[in-house]
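Atoms considered below: every heavy atom in the structure, side chains included; atoms not considered: hydrogens, waters and symmetry mates.
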Amino acid sequence: MEVVKELLAKKGENYGFSVVNRKKELTVFVNGKPHKLKYHDNGTPPMFADATDLANIDLKRKKGKLVIKLNGHSTNYTDFLKDGDKVQIYWEN
């Protein structure tokens, strides 16, 4: 595996966070507003859960069903984000 990592690093290509990750941050759009999120220290990209605080949603005051979407589709809090992803978090009555 080390040989593969070295070859990919020499090419300078990103073939997934577990192999080669040269990025330090990415931009996601949370409820339409751009935000920069940093990669974790171990090189993994931020997860959907990392973007929830950016939505300015008061989770302590329930206002219906909480809807979470990534690029228009239902998602999980543990899904990894990519540069340019569109995160939606809102209450649905």
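- For the pair I68 and T52, the minimum side-chain heavy-atom distance is 4.5 Å or more.
- At distances below 3.5 Å, not a single donor-acceptor pair connects side-chain atoms of N76 with backbone N or O atoms of T78.
- When the side chains of ILVMFWY residues are joined at heavy-atom separations under 4.5 Å, either directly or via intervening members, Y39 and L81 end up in a single hydrophobic cluster.
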Show the numbers, then the answer: is there a side-chain contact (heavy atoms from CB on, under 4.5 Å) between I89 and F48?
CA-CA 10 Å; I89 305 171; F48 188 91; 3.8 Å; yes
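- Within the 4.5 Å cutoff, the side chain of D85 has heavy atoms near those of the L70 side chain.
- When hydrophobic clusters are built by joining Ile, Leu, Val, Met, Phe, Trp and Tyr residues whose side-chain heavy atoms come closer than 4.5 Å, directly or via intermediates, L54 is not grouped with Y90.
- Here D50 pairs with H40, P46, M47 under the side-chain contact (heavy atoms from CB on, under 4.5 Å) rule; sequence neighbours left out.
- Partners of D41 by side-chain contact (heavy atoms from CB on, under 4.5 Å), not counting sequence neighbours: none found.
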Evaluate the side-chain contact (heavy atoms from CB on, under 4.5 Å) criterion for residues L26 and V28: first the C-alpha distance (whole Å), next the side-chain angles of each, then the deciding distance (0.1 Å), finally the verdict.
CA-CA 7 Å; L26 52 80; V28 296; 3.4 Å; yes
Could you walk me through whether W91 and I57 pass side-chain contact (heavy atoms from CB on, under 4.5 Å), step by step?
CA-CA 8 Å; W91 292 109; I57 300 284; 3.3 Å; yes
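- Residues forming a side-chain hydrogen bond (donor to acceptor under 3.5 Å, both in side chains) with N31 (at least two apart in sequence, or on another chain): none.
- The main-chain N or O of K86 is found under 3.5 Å from a side-chain atom of N71 such that the two form a donor-acceptor pair.
- Residues forming a side-chain contact (heavy atoms from CB on, under 4.5 Å) with K33 (at least two apart in sequence, or on another chain): H35.
- Evaluation of the side-chain hydrogen bond (donor to acceptor under 3.5 Å, both in side chains) rule for D53 yields no partner, not counting sequence neighbours.
- Across every non-hydrogen atom of K63 and N93, the tightest pair is O-OD1, 2.8 Å.
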Checking N56 against V30 for the side-chain contact (heavy atoms from CB on, under 4.5 Å) test, could you report, in this order, the C-alpha distance in whole Å, the side-chain angles of both residues, the deciding distance, and whether it holds?
CA-CA 10 Å; N56 294 323; V30 180; over 6 Å; no
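- Remark: K36 pairs with T27 by the side-chain hydrogen bond (donor to acceptor under 3.5 Å, both in side chains) rule, at least two apart or across chains.
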